[in-house]
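Just so you know, ligand 1 is whichever comes first in the structure, and atom 1 is the first atom listed for that ligand. What you see is a predicted model, and the numbers here were worked out from it, not measured in a lab.
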Amino acid sequence: MSDIAKLQIGDKSYELPLIKGTENEVAIDIKSLRGSTNGIITLDPGFKNTGSCESAITFLDGEKGILRYRGYPIEQLAENASFLEVSYALIFGDLPTKEQLDKFHADIKEMSVVDDDVKKILDAFPKSAHPMGILSSLTSALTAFNPSSVNTDSEEQVYKAVVKIMGKFPVLVAYTMRKKLGLPLNYGSTSLGYVDNMLKMMFEKPNEDYSINPVIKNALDKLLILHADHEQNCSTSTVRIAGSSHVGLFASLSTGISALWGPLHGGANQAVLEMLEAIKEDGGDTKKYMAKAKDKSDPFRLMGFGHRVYKNFDPRAKIIKKAADEVLTQLGVEDPILEIAKGLEKEALSDPYFVERKLYPNVDFYSGIIYRAMGIPVEMFTVMFALGRLPGWIAQWKEMRSRKEPIGRPRQIYIGENERPFVTIDKR
Ligand code: SDX
């Protein structure tokens with residue numbers, strides 16, 4: 001294949017360079033398009049055909065159901081790694097040695113206390129507030145308590161910002177959950193592992209010694225790994241474009257949390273459980289909901305199905321589905337919702353509407369079933385997604401700043417009124 005693309009507009013022809021990635025993906029480099037064609041641009045709502053950047057963090061192939069973080073296959077990471085190891089690999093490029101991991105964890109523990117005044121912000125929220133709105137606000141508020149801006153040319157300052165947020169974010173997550181459950185805020189213990197301590201901070205009751213259930217700890221570790229990054233998805237693109245204005249890491253992360261909240265994105269895991277509950281209340285009538293999902297006049301979509309990139313199975317969904325079976329069995333939990341989910345999946349995978357549109361279960365379809373079995377409230381499901389996605393957002397923000405990418409500022413095609421004179425109000 002030649003390394004140029006030829007474009008014919010009217011009687012003029014243009015040549016644009018082709019670029020190829022390390023996995024042989026090809027893009028037309030249009031950086032020179034507008035300048036060389038006297039103002040012609042491309043238009044691609046939702047960026048279905050447009051790359052925003054070159055990235056070395058995550059590779060996925062939607063047709064083949066491949067997902068790798070820094071080249072490591074997701075199946076091998078989910079099976080063999082810890083969430084902290086995967087976080088290190090995403091942020092710094094390679095799986096850590098034992099010494100690197102121990103130092104990373106020690107540095108994170110140093111930073112895993114938040115200013116007690118953050119509780120005043122938390123107290124100001126009504127109990128009915130959605131945890132994602134609280135988490136986004138508290139994350140942005142961290143800037144107020146850590147005002148020093150980060151010189152992204154300094155590896156040391158960037159590393160310090162990374163361990164700061166890796167230490168403080170789980171505390172904010174636990175705060176949002178304990179507010180929802182009406183439990184006093186607590187800190188867990190630095191004697192514990194990274195994920196073990198998350199569980200203690202979230203679940204420990206004031207009147208009992210909390211003991212870590214290894215089944216729950218391993219399930220959470222795996223779920224966080226599966227959510228850790230996913231190249232240029234909606235919330236990650238939001239973190240990158242916000243960060244491209246050179247606003248700080250915490251503020252950029254706060255924008256990503258808000259984007260993830262949407263039911264078409266990370267909010268889907270909560271919407272899936274609510275949908276499955278509705279089906280259960282409806283006597284398990286999955287056919288009615290399948291019909292609603294196919295009815296163009298009905299805004300209802302089958303939550304947890306479909307994906308912008310995976311036009312085959314989502315490799316994460318396969319792993320989570322297997323884990324859901326294992327966790328519920330190990331915990332001795334009988335959840336009729338799991339059977340409804342499996343029935344819905346079976347029906348959808350044989351329904352022409354879904355097959356033609358290549359709509360398969362995605363990462364959100366089964367994850368809520370495990371969170372529920374772990375005792376996590378449904379409104380906290382997307383917060384758990386954000387907890388997993390944190391290292392991916394950090395890695396993507398760090399890459400964007402280190403590559404000195406320009407401020408994100410898309411063009412548009414104007415379709416409004418042509419020039420017209422002002423008319424005074426008495427004449428309108
Ligand atoms: C995540 O991007 C990422 O990587 C995201 C994520 C990550 O890790 O960051 O993987 C996490 O967000 C997973 C997706 C979670 N969202 C949901 O489960 C919500 C339900 N899914 C849909 O809303 C939808 O599938 C999207 C938003 C996920 C993808 O939408 P697209 O790519 O814009 O596809 P589309 O809306 O153009 O749909 C194509 C067709 C349409 O029908 P036609 O117009 O061709 O007739 O498929 C239909 C859609 O109506 N369709 C669905 C459907 N999803 C798509 N119909 C019914 N139910 C659905 N779930």
Considering only distance and modelled atom types, tabulate donor-acceptor pairs under 3.5 Å from the side chains of residues 218-227, sequence neighbours left out.
from   : atom 1 : to     : atom 2 : distance (Å)
Asn218 : ND2    : Pro214 : O      : 3.0
Asp221 : OD1    : Phe83  : N      : 2.7
His227 : ND1    : Leu223 : O      : 2.7

Check your understanding: Taking any residue with a non-hydrogen atom under 4.0 angstrom from an atom of ligand 1, which ones do you get?
Key -> Lys48, His230, Asn233, Pro263, Leu264, His265, Ala268, Ala293, Lys296, Arg301, Leu302, Met303, Gly304, Phe305, Gly306, His307, Arg308, Arg316, Tyr353, Arg357, Leu359, Asn362, Asp364, Phe385, Arg389
Enumerate, atom names and distances included, each donor-acceptor pair closer than 3.5 Å involving a side-chain atom of residues 334-341, sequence neighbours excluded.
from   : atom 1 : to     : atom 2 : distance (Å)
Asp335 : OD1    : Ile337 : N      : 2.9
Asp335 : OD1    : Arg372 : NH2    : 2.9
Asp335 : OD2    : Arg372 : NE     : 3.2
Asp335 : OD2    : Arg372 : NH2    : 3.1

Review point. With respect to Leu172, which candidate in Ile134, Leu122, Leu142 satisfies the side-chain contact (heavy atoms from CB on, under 4.5 Å) definition?
Key: Leu142
Review point. With distance as the sole criterion, is a donor-acceptor pair present between the side chains of Ser55 and Glu399 under 3.5 Å?
Key: yes
Review point. Sequence neighbours excluded, which residues qualify as side-chain contact (heavy atoms from CB on, under 4.5 Å) partners of Ser235?
Key: Asn233, Ala259, Leu260, His265, Arg389, Trp393
Practice item. Can you label the angle between the Phe305 ring and the Phe365 ring as parallel, tilted or perpendicular, going by 30° and 60°? Key: perpendicular
